[in-house]
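Counting from 1, the numbers follow the sequence of the chain as shown.
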Amino acid sequence: QVQVVESGGGLVQAGGSLRLSCTASGRSGNRYPTAWFRQALGKERELVAAISWSGSGTYTADSVKGRFTISRVGAKNTVYLQMNSLKPEDTAVYYCAVAPLSPVPGAVVATATEYDYWGQGTQVTVSS
């Protein structure tokens with residue numbers, strides 16, 4: 001069983017920054033393709049950013065490109081989502097998800113159905 005734990009959400013004013021953290025444990029090996037999704041009230045879940053297990057491949061949605069950065073720290077299985085210049089429309093519950101290990105180090109998993117373990121979510125609220 002894999003446990004996925006997110007942290008770092010909160011309330012921030014428009015233009016501010018937050019950093020979300022995601023740590024996964026329990027699967028053999030300690031790195032997995034990881035992604036951040038978000039779901040705003042009344043809207044569908046959307047992929048925000050994703051990173052390969054090696055960290056060499058990343059994807060960022062157009063809606064957050066230039067403002068959000070996904071990264072992972074060395075040997076630690078912690079993935080970060082740095083969110084700058086936040087806007088009220090970024091308000092949502094943010095979920096971290098991990099996928100099975102890919103044989104391709106730089107492979108980014110961009111489809112929600114390929115992620116098999118999800119965290120509980122962390123609320124991000126941006127006030128105007």
Side-chain angles (χ1 to χ4, degrees):
Q1 186 73 14
V2 175
Q3 289 187 323
V4 181
V5 179
E6 307 109 331
S7 63
L11 173 64
V12 64
Q13 289 188 331
S17 299
L18 284 174
R19 188 176 77 162
L20 305 183
S21 300
C22 172
T23 301
S25 60
R27 177 172 277 159
S28 62
N30 61 356
R31 293 198 192 184
Y32 327 108
T34 304
W36 287 97
F37 293 80
R38 68 184 181 186
Q39 187 165 20
L41 199 61
K43 295 188 177 181
E44 293 187 354
R45 180 179 56 192
E46 65 170 330
L47 174 64
V48 176
I51 190 165
S52 66
W53 66 260
S54 69
S56 62
T58 62
Y59 165 85
T60 307
D62 288 343
S63 58
V64 303
K65 196 165 290 184
R67 300 188 297 122
F68 291 12
T69 303
I70 190 169
S71 63
R72 67 190 320 145
V73 177
K76 298 181 181 179
N77 198 29
T78 300
V79 171
Y80 299 100
L81 184 67
Q82 179 66 44
M83 306 186 295
N84 299 327
S85 302
L86 282 160
K87 304 175 181 180
E89 50 264 43
D90 294 319
T91 295
V93 178
Y94 284 70
Y95 297 92
C96 180
V98 300
L101 186 64
S102 166
V104 180
V108 175
V109 179
T111 306
T113 54
E114 295 187 71
Y115 286 90
D116 53 357
Y117 288 99
W118 295 73
Q120 295 283 73
T122 185
Q123 177 71 46
V124 171
T125 303
V126 185
S127 62
S128 57

Next item on the list: Using side-chain hydrogen bond (donor to acceptor under 3.5 Å, both in side chains) as the criterion, list what pairs up with S7, not counting sequence neighbours.
Entry: none
hydrophobic_cluster_shared for [Y] and [X], side chain cutoff 4.5 Å:
| X | Y | value |
| --- | --- | --- |
| V48 | V93 | no |
| V108 | I70 | no |
| Y32 | Y117 | yes |
| L18 | V79 | yes |
| L81 | L86 | yes |

Heavy atoms only: give me the nearest [X]-[Y] pair and the separation to one decimal.
| X | Y | answer |
| --- | --- | --- |
| A99 | V109 | CB-CG2, 4.2 Å |
| G106 | S56 | CA-OG, 3.4 Å |
| S128 | A14 | CA-CB, 4.4 Å |

Checklist line | Residue pair V4, Y95: steps toward the side-chain contact (heavy atoms from CB on, under 4.5 Å) verdict | finding: CA-CA 9 Å; V4 181; Y95 297 92; over 6 Å; no
Item checked: T113 and T111: side chain donor to acceptor below 3.5 Å ->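 Absent: no donor and acceptor within the cut-off.
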Any side-chain to backbone donor/acceptor pair from [X] onto [Y]? Under 3.5 Å, distance only.
| X | Y | value |
| --- | --- | --- |
| R72 | P33 | no |
| T34 | I51 | no |
| T91 | V126 | yes |

In the structure I gave you, are the side-chain heavy atoms of [X] and [Y] within less than 4.5 Å of one another anywhere?
| X | Y | value |
| --- | --- | --- |
| T60 | T69 | no |
| L20 | E6 | no |
| W53 | V104 | no |

Which side-chain N or O atoms in residues 38-45 pair as donor and acceptor under 3.5 Å with protein atoms at least two apart or in another chain?
from	atom 1	to	atom 2	distance (Å)
R38	NE	E46	OE2	2.6
R38	NH1	D90	OD1	2.9
R38	NH1	Y94	OH	2.9
R38	NH2	E46	OE2	3.1
Q39	NE2	K43	O	3.1

Item checked: Any pair counted as disulfide bond (SG atoms under 2.5 Å apart), so long as it reaches residues 94-128, sequence neighbours left out ->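 Those involving residues 94-128 are C22-C96.
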Next item on the list: List for me each residue that meets salt bridge (Lys or Arg N to Asp or Glu O under 4.0 Å) alongside K65, sequence neighbours excluded, and say none if there are none.
Entry: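 In terms of salt bridge (Lys or Arg N to Asp or Glu O under 4.0 Å), with neighbours along the sequence ignored, K65 is linked to D62.
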Item checked: Those residues that, when tested against E89, pass salt bridge (Lys or Arg N to Asp or Glu O under 4.0 Å) (two or more places apart) -> none
Notebook entry, point to check: If you round to the nearest 0.5 Å, how far is OG of S17 from CZ of R19?
Noted result: 11.5 Å
All N/O donor-acceptor pairs, side-chain side in residues 118-125, below 3.5 Å, sequence neighbours left out:
from	atom 1	to	atom 2	distance (Å)
W118	NE1	Y115	O	3.3
T122	OG1	G9	N	3.2
Q123	NE2	A92	O	3.4
Q123	NE2	T125	OG1	3.3

